[in-house]
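Accompanying notes for the structure given below.
Numbers restart at 1 for each chain; the letters A, B, ... are given by sequence-line order, proteins then strands. Below, all heavy atoms of this structure are taken into account, side chains as well, without hydrogens, waters or symmetry copies.
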Amino acid sequence: MQKSKTLPSSDKVLVIGGGLGGIRTALDLAEAEKNVILVDKDHNIGGLMTQLDRTFPTNNCDLCTISPNLSESGRQKHIELAALTTVTAVSGEKGNFTATLKTAPRYINLEKCTACGDCYQAFPDCVRFTPGLDHRAPTCMRYPQATPQAYSIDLEKCEDVEALVKICPAGAIEPDDIGRNREVKCGSVVLATGAELFDPSHLDYLDYATKADVVTSLEYERILSASGPTQGKLLRPSNNKQPKKIAWIQCIGSRGIQKGAGSHCSSACCMFALKEAMVTKERFQEDIETTIFYMDMRTFGKDYELYYQRAKNDFGIRFIHSRPHSILQPEGKDDLELSYTLEGDANKITENFDMVVLATGFKVGDDTKALMETMGLELNDENFPRTTGFNPVVTSKPGIYTCGTLQEPKDIPETMVQASAAACMAAKDIATTPKEEKDMVALIPERDVSGEDAKVGVFICDCGENIGAVADVDKLVDYAAKLPGVAVAQAKGHGCSRESMEQIQQTIIDEGINRVVIGGCSPRTHEAKFQELIRRAGLNKYLLEMANIRDQSTWVHGAKPVKATAKSQELIQMAVAGAIASKPLSEHSLPMNKDVLVVGGGVTGMTSALELAEQGFKVYLAEKSNNLGGVAKQLRKTLEGDDIQQFVTELIDQVMAHKLIEVITGAIIVDHNGMPGMFSTGMQVGKQMFYRQINHGVTIMATGAQPNRPEEYLLDSHDNVSTQIELQTMLEEQPDAIKRWENVVMIQCVGSRNADNPNCSRICCQNAVKNALRLAEINPDTRIFVLYRDMRTYGFQEEYYQKARAKGVIFVRYEMEEPPQVQAAGEKLEISFNDPILGMELKVKADHLCLSTGLIADKDSTEELAMTFKLQRTHDGYFLEDHVKLRPVDLAMPGFYVAGTAHSPKSIRESLVQARAAASRAQTMLVQDSINLGAASARVDSDKCASCLICVRACPFDVPFINAEGYSEIDPAQCHGCGLCASECPAKAIQLMQFEDDRILAKLEKLFDGLEAEA
Amino acid sequence: MKNFEPVIVAFCCHYCAYTAADMAGSQRLPYPANVKIVRVPCSGKVDALHIVKAFEKGADGVYVAGCLEGDCHFKSGNTKAARRVEYVRKYMEEIGIEPERLEMVYLSAGMGYRFAEVATTITEKIRELGPSPIKSATAGQTGQVAC
């Protein structure tokens, strides 16, 4: 741990909350070489996401995607991690805050705890923290990949403290721990405590408090989760039988529906419910029925609409547009009786279900509210922090930023984007750590081991009881000592403890060891640690092999100690063979070009450029048209009332005036080459099409999207039909003409959510509400009809939707199969549509028809750019990020980032958040002087290569090519190290470093030698 | 053959299957000790040569374990691996070795249970099939008795 690290006074950022958002902010800052203190009130960081089973829209397992982030966070040298810690006060001002941190006792010494789990094994009910489904255990590690990798103990729950202390083989349990209070200085603060989930216990008509089979969506998630209370088996809590019929009820605690509910929409629950229903259907197919009761399906994110359609069409999930009236359980019956009504039908329907899942929404926790009040932040009516219109991560207090669900309810990708944006802002308030401090540990030079016979050092851990109580470690050591090539074999207790590490280091040096085998745990968790160790002992870090005798032997063959010992011998023998075959490898590195190319001069591109320039980087801002500003120049006001025109004008002035930004308008990108950190991009500029080449290290794609203009509903053929953008201009410029309108009709989803453009354009519902409110303001007597499919006013927008309804705007739902019909009637328009509540067709003669046409990707331009830059796009022409959940700003090509509507339709606010996120992500790369590309790359032996092109076709990343000399060449800088080319190469001309054929074959050979020896 | 203990080699991809094996470990889920894991960066890295070598040296069963379909860390490694496994199975059939001795399995990193389950069913299946004909043949030549 970083306990001895002293950080200079205010040159650091305090990140409060170690959920996904806080972790991302901390990592971005640390990678940009800023110091961070990351505090979390829990025992381990990870927050809400570690409790989820799978995440939408990929339905991937969560632990696998989050755990790399978590361990990264534990390792980063710029991050001081303070678990079990709360912030009690923050005083001072931007650049110089003082925060009081209160750390609760863990009763476990982090230095000594090896996370062996003996303590929880001895106290059988322990470990799992499953909200609402079991009690909090006396010792607890929330999930297997937890960071810090250590348990924590609730001493009050423990009846026999002495026995507990004794059970720990590492002597890590310290019942006298009293925790500590301290003050820290910081330059800025990021509040990322997240939101809490609404507790539906008081809503008696849902009967959540007393009926075991009524669960919240998070509890359902825990039931599905492999690490949950039922080990992933879907069982009814009441009787442990598999349910046959499950219902989800949406909007519990959101949209102001129930007592105590927030007026906002919680944004993530629709997708959350869809995912749970889909995963359920995926697993039980025809054996289970899933029904979702909803008000509006709000699947507004990137490709989320497709997910919804898949749920409906491919998975057979039933959707009922209704708010159930009550859940009852008749005496003596197992089933839950759910009653509801359908639109246009007053009759009550009663239907039985085995389980009901309540999709509970987000609210601000009391602790966080108290903390924000202590800090002096302004809060909104729902106790969320008030933030700035065009920069939603900025709170009312300079130097204090926020992100994630605490800023506004949102899902994981948007939390990740905002977290990076918060890092971008927070970084500006502190100084960068001077470079000299970075590599204080001077390493002894690497020893050249070529030409030496193998002298393997085998170090075997007992890992306390974990290995030692099952396998005979002495026998393993004797066995290893006799293996050919082994010079030293030793038992090392806890090999990863500091004491053992020092001993191993010394033994390597003293005995002239040139290959190292650790017999212990998994290379996944400990390889990096031992690689660093042998490097400190003067060996190349790749001369290491780990035999995973704990996870693969003693833990799983605990009941068969003889077999476990025999298998451990084989694993060690294989590892020794692998180590002997290992070769020193050098990591590839390149000098970093610190200039930036931003493609696209709209508000997003300009904001990214400005943020990077302010951090001292030279930025080239290339814009295809002759002016900066993009689509935003056509817009007037945001839903919240902020003036877009004024904002754009000021932004353009700032960009034009900045010394480090070079604006290149009329630029058409024509070629691109190089590698991450060393790109060069050619463009033709201006009327004369002068060719110009820019060298840059990173690229930000901010090319935007276009307002859609489909030929529907008389658009462009009738004077009184407009788009929302045009209507907004009229509202601002000719309010007097508009005052005379008696009837106005708006139609939503025109050109979106249809066969041509299946996704939701996200921005149209809020624009319709915005313009409807303005219309009502100009003339309260105008009758306004909004014909919609689902009103998607997510987050705080819901309040404006409610306001519009209160002002008398009439919202009428229509089905895609039965769209409104429009006919010209002279100057006016006749619109007929079905009113589902009245159950009859209505006709309205409107003075004006406004179409919500949304956004569409500029397919031609993104196609060309994608080809030039080798980027991937979605089916509908937006750039495809590297990971839709966890890396929503990074593109798959390292050194490329995406922001704004080039990523997917979004509002100005959201685009600007992503613009700053891209700037933050770019900085993590730009601060490096060289780029380490690792060593696990494929190498071609040109003598053996027959240039058959098989590798060229096999590579998932298009890296190999046939060079001028006629053989295959693989650029180590671009190679991802999967080894597909190596396994496909018919001439065996390609070898993947670290996993060479002779190394794998040596392991196989020795495995069977070992078996023969036993026989 | 009485008390036959098959030797099974499991090539596990680093990102999913190997992690699933670690999960089986941390959850203490028992599976037969017959299964020995070789870690590879991606299931697509497993060469036909590696599979054949394992059988040649005396494996009674081999399986290649990659990420769930569509989840490969390297996009398409698991589907390429599956194709290669299919190819080697045909080849095994031609030379008179039961193709059931070789399998492709898919696991996500969180599937510790599934890892243990797969290891158990495959071991049982191979146990029923009996020792690999290659092992018996080579053992005959060298005068050793298998196991």
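The number of heavy atoms from other shown groups lying within 6.0 Å of OH (Tyr91(B)) does not exceed 12. Around the CZ atom of Arg127(B), the shell of radius 6.0 Å holds more than 12 heavy atoms that belong to other residues, nucleotides or ligands. Counting heavy atoms of neighbouring residues, nucleotides and ligands inside a 6.0 Å radius, atom NZ of Lys560(A) does not exceed 12 of them.
Proximity to chain B involves both the backbone and the side chain of His976(A), based on heavy atoms less than 4.5 angstrom apart. Proximity to chain A involves both the backbone and the side chain of Ile37(B), based on heavy atoms less than 4.5 angstrom apart. Only the side chain of Val9(B) has a heavy atom closer than 4.5 Å to any heavy atom of chain A. When heavy atoms are compared at a cutoff of 4.5 Å, Lys988(A) approaches chain B solely by way of its side chain, counted from C-beta outward. Using a 4.5 Å cut-off between heavy atoms, Ile1000(A) contacts chain B through its side chain alone, with no backbone atom that close.
When each of Lys75(B), His14(B), Glu56(B) is checked for heavy-atom pairs under 4.5 Å with chain A, Lys75(B) comes out on top. Ranked by non-hydrogen atom pairs under 4.5 Å with chain A, the options Ala81(B), Ala24(B), Ala119(B), Ala59(B) are led by Ala59(B). Contact tally against chain B (heavy-atom pairs below 4.5 Å) for Ala954(A), Cys985(A), Cys981(A), Cys521(A): the top residue is Ala954(A). Your options are Ala33(B), Gly44(B), Cys42(B), and the one with the most heavy-atom pairs under 4.5 Å with chain A is Ala33(B). Here Val556(A) is the residue among Asp997(A), Asp551(A), Val556(A) with the most heavy-atom pairs under 4.5 Å with chain B.
Listed here is the closest heavy atom pair of Ser522(A) and Tyr18(B): OG-CE2, 3.6 Å. Of all heavy-atom pairs between Lys45(B) and Phe995(A), the closest is CE-O, 3.3 Å. Between Ser76(B) and Leu980(A), the shortest heavy-atom contact is OG-CD1, 4.2 Å.
Electrostatic pairing of Glu5(B) and Lys563(A) counts as a salt bridge here, judged by a charged N lying under 4.0 Å from a carboxylate O.
Residues Leu1004(A) and Phe11(B) have side chains in contact (heavy-atom distance under 4.5 Å, counting atoms from C-beta outward). Considering only heavy atoms from C-beta on, Ser983(A) comes within 4.5 Å of Arg84(B) through its side chain. Residues Val38(B) and Met574(A) are in side-chain contact: their nearest non-hydrogen atoms beyond the backbone lie under 4.5 Å apart. Side-chain atoms of Thr19(B) and Arg524(A), non-hydrogen and from C-beta on, do get closer than 4.5 Å to each other. For the pair Lys1003(A)/Arg39(B), no side-chain contact is recorded, criterion being any heavy-atom separation below 4.5 Å from C-beta on. Counting only heavy atoms from C-beta outward, the side chains of Gln552(A) and Lys36(B) never approach each other to under 4.5 Å. Using a 4.5 Å heavy-atom threshold, the side chains of Pro41(B) and Cys978(A) count as separate.
Side-chain N or O atoms of Lys567(A) include one that pairs as donor or acceptor with a backbone N or O of Val35(B) at under 3.5 Å.
Interatomic distance, CD of Glu1005(A) versus NZ of Lys57(B), reported as 4.0 Å (0.5 Å rounding).
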